[in-house]
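Here the structure is a predicted model, which is why all the values come from computation and not from measurement. Below, chains carry the letters A, B, ... as their sequence lines are ordered, and counting in each starts from 1.
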Amino acid sequence: MLSIDRLSLRIGAAEILRDVSFDIGAGEVFGLVGESGSGKSMTALAAMGLLPRGAAPSGRVAFEGRQILAAKERAMCALRGREIGMIFQEPMTALNPLKTIGDQVAETLLVHGAAGRFEARRVAEARLDRVGLGAVGAERFPHELSGGQRQRVCIALAVALRPKLLIADEPTTALDVTTQAQILDLLKGLVDEDGMALWLITHDLAVVADVADHVAVMRDGALVEAGRTEAVFRAPKAAYTRKLMADSTHVPDRKAGAQSAPILEVSGAVRDYPAGRAGLFGPRKSFRAVDGVSLTVRAGESVGLVGESGCGKSTLTRAILGLDALQGGEIRLDGERIAAPAVPPPLRAKMQVVFQDPFGSFNPRHKVARLVAEPFHLTPVPDIGARVAEALEAVGLAPGDAEKYIHEFSGGQRQRIAIARAIVIRPKLVVLDEAVSALDVSIRARILDLLAELQARFGLSYLFISHDLSVVRAVTDRVLVMQAGRIVEEGATEQVFGAPAHAYTRALIAAAPRIPEGWLAA
Amino acid sequence: MARYFLTRLGSLALSLIVASLVIFAVIEVIPGDPASFMLGLNAAPETVAALRAELGLDGSLTARYLSWVGGLFVGDFGTSYTYRVPVAELVGARLWVSLPLTLYALLLSTLIAIPVGVIAAARRGGPADYGIMGATQLGIAIPNFWFAMLLVLVFAISLRWFSAGGFPGWEAGLWPGIKALTLPAVALALPQASILARVMRSSLIETLGQDYIRTARAKGLSQRQAIVRHALRNALIPVMTIIGLQFSFLLAGAIIIENVFFLPGLGRLIFQGITQRDLVVVESVVMLLVFAVILVTFLVDIAYAAIDPRLRRGGGAR
């Protein structure tokens with residue numbers, strides 16, 4: 001149905017795609033896997049005729065025999081939405097904030113002249129019902145919906161005219177595991193019931209293993225391997241595919257080295273948020289984000305904290321870091337009480353943090369030396385230069401990198417610099433707040449190795465906060481599962497993952513996509 | 001929506017109270033007393049005393065503030081010392097020139113700027129965009145009094161389509177009034193339209209880069225449909241802010257243009273008030289302008305809510 005033959009693409013001097021060829025048959029699920037920047041999305045945009053300005057494609061892209069690259073814009077407008085639908089990664093921004101979701105779904109029908117206004121509304125409501133939003137109502141605006149609900153709206157508007165092919169570009173990457181599982185189920189259902197073909201683009205091998213009939217692996221703009229999904233997983237031919245698979249399930253070499261002395265003790269922590277008034281003069285309501293949470297991290301131990309977005313993980317992290325005051329309970333670091341917002345610098349220096357976004361967490365106008373030396377304002381030392389050089393060396397960078405600016409580094413290198421900044425004052429505890437979630441699998445594997453190495457070398461304790469269960473399982477000694485502000489389960493990592501006691505933990509583990517046992521045996 | 005409206009209204013009232021206190025305080029802190037300031041150095045003590053009595057300066061600070069604000073509420077702005085007529089009358093007559101002139105200029109500027117900005121954004125990087133960007137650059141750079149004189153030379157003196165200045169009053173009829181205000185309005189609108197067109201362009205370009213435009217294109221909308229149905233309304237939000245600011249600027253900032261065209265507007269009144277040290281006039285006109293600015297800000301806020309559903313429902317979830 002869709003046939004791509006030796007597609008190449010240049011934007012300016014940069015070569016984006018090289019001789020990409022594959023076919024997608026009717027009713028088939030095709031998975032395109034690759035790391036960020038490998039050219040997956042550009043391939044999809046080429047098939048939609050939506051390449052950015054200045055892109056120069058060559059080769060052939062044909063949909064049911066019709067040439068797409070040579071097609072007139074008018075013909076493409078008729079094709080998009082009617083025969084090929086597309087959904088994107090970021091559901092939070094993919095919908096117009098000023099229009100109701102019903103209008104946005106109905107618009108697909110209206111622009112193609114497929115229905116009158118009244119009929120379009122009726123179909124829109126039916127489609128919203130089909131994607132599981134029947135109870136939400138077509139009159140709602142996007143900002144009133146969660147990320148998963150918004151992605152459902154995107155799917156509803158993409159499939160409103162029952163296209164023959166749906167292109168889904170990282171449709172679940174921005175979503176929680178349970179939401180991801182629901183969205184993937186929905187997509188599979190649409191394929192099974194409506195006979196639609198699905199082209200799934202993802203960096204997550206486990207997602208593809210779960211869903212796709214065929215799979216292709218892309219690297220630096222070229223396909224390195226393609227075939228039936230199970231065959232590719234059982235016997236990957238390309239070295240890159242093997243590396244990708246090894247990295248995605250990588251377990252760093254580390255010893256559980258917990259000593260008995262507790263570093264961080266949280267007992268009965270409560271954190272409320274004001275949530276506006278009920279009515280103009282009504283009583284103030286509040287929202288309890290963290291509800292009686294207790295946890296302990298011992299010296300040299302790695303503790304995982306998992307849960308879906310909105311469960312209170314980030315709020316708890318802010319309280320631990322002394323950024324927000326608690327409404328109840330207390331937090332002790334190395335025996336001393338943390339009383340936000342006035343945490344004494346020597347106490348604060350015992351605890352550092354690494355955040356998710358390696359791009360937003362550095363001042364672009366400072367050199368690396370200054371960025372890494374930032375924590376020294378807490379406890380000044382005489383030989384800052386030597387300490388910075390040591391920290392950079394510890395994270396695998398050269399001491400000479402201290403004189404560079406942050407834009408000269410890749411995402412993985414930036415996260416190394418963030419780690420160097422965290423360890424430079426030799427803290428006892430490092431809080432890793434989704435620290436590897438934005439990284440590609442191969443980079444993630446190296447960073448996890450680095451964290452294990454640093455833990456052994458400096459005797460660090462880690463509080464590892466993540467929604468990614470496989471990572472938490474690979475690197476922590478103990479794990480806590482958080483739901484709606486409460487810890488619902490706690491225990492040794494292998495025990496919790498191997499025999500989950502709480503229903504919520506079981507649901508989380510079941511929802512996480514996995515490469516089937518046996519496929520990886522070879 | 002009602003809640004949003006009420007909080008905006010509350011902030012409007014609060015701003016007005018604060019503004020009136022500040023204006024009153026500034027007039028009060030002028031060294032010496034207002035009466036001797038208004039009469040100059042050589043005034044006889046008796047004259048100063050008489051003016052003090054007339055201005056009610058003998059009362060306490062609180063009493064004077066309350067009587068001033070109380071007067072404002074019922075339209076009593078005091079009596080001008082130099083003109084010897086009630087300030088309300090002076091202001092009223094001039095407002096009938098300044099307000100229509102401002103609205104006229106704003107209408108012209110908006111009607112020109114929005115389509116021009118949209119065309120530039122839609123053809124970004126093309127010849128039309130470069131032409132428009134060049135022209136708006138020029139429009140901002142040209143001093144408007146010079147442009148006004150050029151308009152007079154061409155349309156009043158050579159072509160004789162309009163008169164070179166003056167205002168016949170609305171008694172002479174609607175059309176002569178509009179005709180007299182046309183050249184000044186064009187002169188005022190040119191730089192405003194240039195600024196607004198650039199804001200419209202950059203706002204629309206930014207909006208066109210948003211994910212929901214990509215979603216719309218993937219649905220099968222053409223570039224033009226995506227602009228009209230999705231981008232325009234989103235892009236108008238910053239443009240409205242600028243329109244609000246321009247209204248307040250034009251209402252009192254037209255002094256030079258009013259002088260070029262001999263229009264009896266508010267700008268000239270306040271200028272004369274300052275040069276003649278007529279504090280009663282200055283105080284009241286400034287308060288009136290502050291009121292206009294705050295009112296427009298309020299209206300812009302309400303317009304935001306009309307456009308953006310995220311503001312209507314009490315600021316979203318939590």
Side-chain angles (χ1 to χ4, degrees), chain A residues 44-45 48-50 53-54 73-74 76-100 103-105 107-112 140-146 153-154 157-158 160-161 163 167 169 273-277 279-280 285-287 289, chain B residues 1-10 121-126 129 203-238 240 303-318:
Chain A
L45 291 175
M48 286 292 275
L50 282 178
R53 299 153 59 95
E73 176 60 20
R74 217 186 162 79
M76 282 313 297
C77 283
L79 189 71
R80 286 183 214 123
R82 180 187 281 277
E83 309 209 26
I84 310 180
M86 185 162 180
I87 59 172
F88 301 93
Q89 172 169 353
E90 197 33 84
M92 299 310 277
T93 52
L95 295 169
N96 186 343
L98 307 186
K99 293 194 167 192
T100 63
D103 281 345
Q104 298 194 50
V105 176
E107 191 182 32
T108 307
L109 296 128
L110 291 172
V111 292
H112 289 284
R140 303 288 283 272
F141 286 97
H143 72 273
E144 301 171 298
L145 273 55
S146 71
V153 176
C154 291
L157 65 85
L161 283 168
I167 306 176
D169 187 357
Y273 277 121
R277 293 169 189 276
L280 192 58
K285 289 183 292 190
S286 66
F287 171 75
Chain B
M1 181 72 189
R3 181 152 160 204
Y4 177 81
F5 186 83
L6 284 176
T7 48
R8 291 293 109 198
L9 204 62
R123 317 237 164 112
R124 185 185 179 189
D129 185 22
S203 170
L204 188 57
I205 285 174
E206 200 192 315
T207 310
L208 285 175
Q210 297 289 324
D211 287 351
Y212 55 80
I213 300 300
R214 191 179 55 182
T215 304
R217 297 279 281 136
K219 273 196 237 179
L221 274 74
S222 65
Q223 164 94 2
R224 177 190 291 254
Q225 283 173 317
I227 290 178
V228 173
R229 285 165 170 260
H230 292 277
L232 205 54
R233 211 144 73 105
N234 279 289
L236 276 178
I237 293 173
M240 279 195 324
Y304 281 157
I307 287 189
D308 195 335
R310 284 168 295 187
L311 294 173
R312 279 207 288 276
R313 306 205 180 172
R318 56 157 199 272

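- Only the side chain of A/L50 comes within contact range of chain B, with at least one heavy atom under 4.5 Å from a heavy atom of that chain.
- With a threshold of 4.5 angstrom between heavy atoms, A/M48 approaches chain B through side-chain atoms but not through N, CA, C or O.
- Dense packing is recorded around CZ of B/R233, with more than 12 heavy atoms of other residues, nucleotides or ligands lying under 6.0 Å away.
- Residues B/M240 and B/Y304 have side chains in contact (heavy-atom distance under 4.5 Å, counting atoms from C-beta outward).
- Counting only N and O atoms by type, the side chains of B/H230 and A/E107 include a donor and acceptor under 3.5 Å apart.
- With sequence neighbours left out, B/R214 forms a side-chain contact (heavy atoms from CB on, under 4.5 Å) with A/F88, B/D211.
- The greatest number of non-hydrogen atom pairs below 4.5 Å with chain B, out of A/M76, A/R53, A/K99, is found for A/K99.
- Contact annotation for A/I84: only backbone heavy atoms (N, CA, C, O) come within less than 4.5 Å of a heavy atom of chain B.
- Both the backbone and the side chain of A/E90 come within less than 4.5 Å of a heavy atom of chain B.
- Contact check on A/E73 versus B/R217 returns a salt bridge, with a Lys/Arg side-chain nitrogen under 4.0 Å from an Asp/Glu carboxylate oxygen.
- Counting all heavy atoms, side chain and backbone alike, B/I227 lies closest to B/A122 at CD1-CB, 3.8 Å.
- Neither the backbone nor the side chain of A/R74 comes within contact range of chain B; no heavy atoms are under 4.5 Å apart.
- The shortest distance between side-chain heavy atoms of A/L95 and A/L145 does not fall below 4.5 Å.
- Taking chain A as the reference chain and counting heavy-atom pairs below 4.5 Å, the highest number among B/R229, B/Q210, B/Q225, B/Q223 is found for B/R229.
- For A/A158, no part sits under 4.5 Å from any heavy atom of chain B, backbone or side chain.
- For the options A/T108, A/V111, A/L98, heavy-atom pairs under 4.5 Å to chain B are most numerous at A/L98.
- The parts of B/I307 that come within reach of chain A are both its backbone and its side chain, each placing non-hydrogen atoms under 4.5 angstrom from that chain.
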